[in-house]
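Below you'll find the structure, written out as structure tokens, and then a few comments.
A note on names: the letters A, B, ... follow the listed sequences, proteins ahead of strands, and every chain is numbered from 1.
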Number of protein chains: 2
Amino acid sequence: MNGACPLFGPSQEPRDCGSCSHGNGRARTELLPKQLLHLEGDPATTIYGVLEGFLRETRTLEDGRIVGLRIVRPGDLVGTETLSRDSYQCTVEALTGARLCRATLPELERNLLAQPSEGLRLSRAVEDGASRLRDGMVALGSMSAEERVKSALLQLIGEVPAGTWVTLPLTRKELGELLGLALATVSRTIQKLARAGLLEVRGRRVRVPPTSTPRTERLVR
Amino acid sequence: MNGACPLFGPSQEPRDCGSCSHGNGRARTELLPKQLLHLEGDPATTIYGVLEGFLRETRTLEDGRIVGLRIVRPGDLVGTETLSRDSYQCTVEALTGARLCRATLPELERNLLAQPSEGLRLSRAVEDGASRLRDGMVALGSMSAEERVKSALLQLIGEVPAGTWVTLPLTRKELGELLGLALATVSRTIQKLARAGLLEVRGRRVRVPPTSTPRTERLVR
DNA sequence: CGGTATCTTGAATTTCCTCAAAAAGCGTGG
DNA sequence: CCACGCTTTTTGAGGAAATTCAAGATACCG
């Protein structure tokens with residue numbers, strides 16, 4: 001989960017990212033849980049690659065409604081608005097502690113000239129972000145509350161073997177913002193999945209039951 | 001609306017895109033209305049830039065539900081999945097007649113080595129696509145049917161002066177897929193906007209009333 | 001002009017939301 | 001370790017919004 005800088009490519013500790021234009025020290029940013037990386041509207045100066053931790057990207061409407069766009073995970077880029085606009089379009093906030101590498105536009109340009117053969121890397125990483133957004137749109141545009149919650153939880157639980165407790169990095173409210181659902185609906189739906197035997201829930205901790213024999217009963221409210 | 005190749009940058013007719021590696025002829029694709037560019041799952045070989053016309057990007061769920069991801073307009077890129085996966089993630093279909101320029105991955109790489117100073121152009125264009133997706137997510141995630149329809153229509157009507165009739169390139173069904181709404185809801189909502197005086201509607205033709213004094217009456221069902 | 005696809009509209013129903021209160025979880029300081 | 005306060009979560013009841021189903025109207029194409 002380390003050593004690969006999403007901005008400049010894989011590299012060995014401790015000397016690398018020489019192209020980050022910071023001598024042999026790298027340009028890094030560390031965040032504590034709940035810390036903001038930037039707000040929408042801030043001048044867009046820096047693009048970041050996530051080395052460790054989880055963040056989330058949101059947008060806020062005039063009336064205060066918050067929309068979650070995606071969960072940002074290790075390997076992902078944030079702040080890519082820097083490439084084509086002068087202020088950030090969305091807000092990025094750490095959900096857990098996080099370590100990021102970073103670069104400004106001039107640094108990226110310099111790196112590009114130094115290693116043109118790596119030139120598609122950045123485009124590829126930006127495309128990966130777009131791909132995740134497409135997945136989110138599919139969920140929002142065509143899935144029921146239950147389907148959305150189920151797929152989001154599965155993503156968040158990830159690769160962990162069944163039976164392992166996982167602490168979700170999101171509150172129900174944040175999940176709701178991400179899934180386009182009200183807090184109460186998220187909670188209810190999670191309970192419904194739990195009653196159906198697909199999931200065990202203890203507040204923010206969650207797991208797939210070890211002997212995962214989903215009850216055959218039909219899901220009911 | 002022409003002469004600017006979203007893939008390789010602005011250029012003068014008729015000799016340009018020399019970097020398209022097709023001598024001085026350019027690599028172009030022309031589409032008729034309703035014609036498919038590619039289906040999700042097809043091997044991803046080619047990335048396209050739209051020169052003229054409108055297309056739409058969709059995804060289909062196993063059960064046949066279709067989700068509209070975005071309307072693709074001149075200046076936009078499609079098929080960017082080519083950069084980071086080996087099959088297309090979404091389906092692209094022409095809504096109107098369309099002209100595209102195109103390039104394969106090796107062509108992009110060749111171009112990059114030839115003109116490293118242009119290297120951020122592609123990343124920027126991919127980011128523009130992501131930015132549009134974020135706008136779509138905000139609509140799906142937090143807006144009511146009325147808000148979604150209103151903002152979509154305004155986008156589709158675009159820069160045209162008030163009073164000009166515009167033919168929407170989408171059916172109600174397609175609009176619904178794009179906005180995460182049922183066909184009937186789209187139709188009803190459009191009629192509601194019309195009754196409120198915000199819009200005149202004649203089937204697929206639409207305009208902002210010439211003396212656009214929106215009726216002061218409250219919008220009612 | 002006829003045939004087909006698209007659009008409009010109604011009625012009944014489902015899904016999800018809002019409001020609100022109670023329960024549970026969590027951290028802190030005594 | 002427990003009590004306290006605070007945040008988060010659960011749950012209920014009622015209501016609003018959007019869906020489904022279906023019929024009829026309109027527009028479009030050859």
Side-chain angles (χ1 to χ4, degrees), chain A residues 32-34 61 63-67 95-96 139-150 152-153 156 165-196 199-206 218-221, chain B residues 32-34 61 63-67 95-96 139-150 152-153 156 165-196 199-206 218-221:
Chain A
L32 298 173
K34 310 210 167 189
L61 304 200
D63 62 4
R65 277 175 290 184
I66 294 174
V67 190
L95 293 171
T96 65
L140 289 182
S142 73
M143 293 176 20
S144 68
E146 188 177 317
E147 293 171 301
R148 287 183 230 179
V149 169
K150 202 187 304 178
L153 288 183
L156 287 170
W165 286 100
V166 175
T167 299
L168 300 177
L170 293 168
T171 66
R172 302 289 189 264
K173 177 159 156 298
E174 290 166 334
L175 263 174
E177 288 160 358
L178 187 68
L179 301 176
L181 297 171
L183 187 167
T185 305
V186 174
S187 179
R188 260 188 267 270
T189 308
I190 289 181
Q191 297 306 319
K192 181 155 64 161
L193 294 175
R195 279 195 300 274
L199 207 63
E200 277 180 80
V201 184
R202 280 202 222 155
R204 204 168 309 179
R205 257 152 307 139
V206 146
R218 194 111 196 81
L219 294 192
V220 285
R221 59 160 29 229
Chain B
L32 298 173
K34 309 208 168 191
L61 304 198
D63 61 4
R65 280 176 288 185
I66 293 174
V67 191
L95 294 171
T96 65
L140 288 182
S142 73
M143 293 176 17
S144 67
E146 188 177 316
E147 294 172 298
R148 285 182 233 181
V149 169
K150 202 188 304 178
L153 288 183
L156 288 170
W165 287 100
V166 175
T167 299
L168 299 177
L170 294 166
T171 66
R172 302 289 189 263
K173 176 158 156 301
E174 291 165 333
L175 262 174
E177 289 160 356
L178 187 68
L179 301 176
L181 298 171
L183 187 166
T185 306
V186 174
S187 179
R188 261 188 267 272
T189 307
I190 289 181
Q191 296 307 317
K192 180 155 66 161
L193 295 175
R195 280 196 300 274
L199 208 62
E200 278 180 78
V201 184
R202 280 202 224 154
R204 204 169 309 180
R205 258 154 304 139
V206 145
R218 193 109 198 81
L219 293 193
V220 286
R221 62 162 26 228

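For B:L183, the side-chain atoms get nearest to C:dT8 when compared with the rest of C:dC26, C:dC7, C:dT8.
An OP1 or OP2 oxygen of D:dT10 is reached within less than 4.0 angstrom by no side-chain nitrogen or oxygen of A:R195. Not one side-chain nitrogen or oxygen of B:R202 sits closer than 4.0 Å to the OP1 or OP2 atom of D:dA27. Of the side-chain N and O atoms in A:T185, one or more sit less than 4.0 angstrom from OP1 or OP2 of C:dC17. For the OP1/OP2 pair of C:dC26 and a distance below 4.0 Å, the side-chain nitrogens and oxygens of A:R205 include at least one atom meeting the criterion. Of the side-chain N and O atoms in B:R172, one or more sit less than 4.0 angstrom from OP1 or OP2 of C:dT8. Not one side-chain nitrogen or oxygen of A:Q191 sits closer than 4.0 Å to the OP1 or OP2 atom of D:dT9.
Note on B:R188: a base of the nucleic acid sits closer than 4.0 angstrom, heavy atoms only. Base contact: A:S187 has a heavy atom under 4.0 Å from a base atom. Among the protein residues, B:R148 comes within range of no part of the nucleic acid, since none of its heavy atoms lies under 4.0 Å from any strand. No engagement by A:G176 is indicated, since no non-hydrogen atom pair under 4.0 Å with the nucleic acid exists.
With the nearest nucleotide of DNA chain C identified for both A:A145 and B:K173, B:K173 has the one nearer the 5' end. For the pair A:R204 and A:A182, both in contact range of DNA chain C, the more 5′-proximal nearest nucleotide belongs to A:A182.
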Base contacts versus sugar-phosphate-only contacts with protein, heavy atoms under 4.0 Å: please encode nucleotides 2-7 of chain D as B, S and - from 5' to 3'.
------
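Taking the side chain to side chain contact (heavy atoms under 4.5 Å, CB included) definition, one finds that A:A145 meets it with A:L181, A:T185, A:T189, sequence neighbours left out.
For the side-chain contact (heavy atoms from CB on, under 4.5 Å) with B:L183, the lone residue among B:E174, B:R188, B:E177, B:R172 that qualifies is B:R172.
The CG-C1' distance, from A:L181 to C:dT18, rounds to 14 Å in whole Å.
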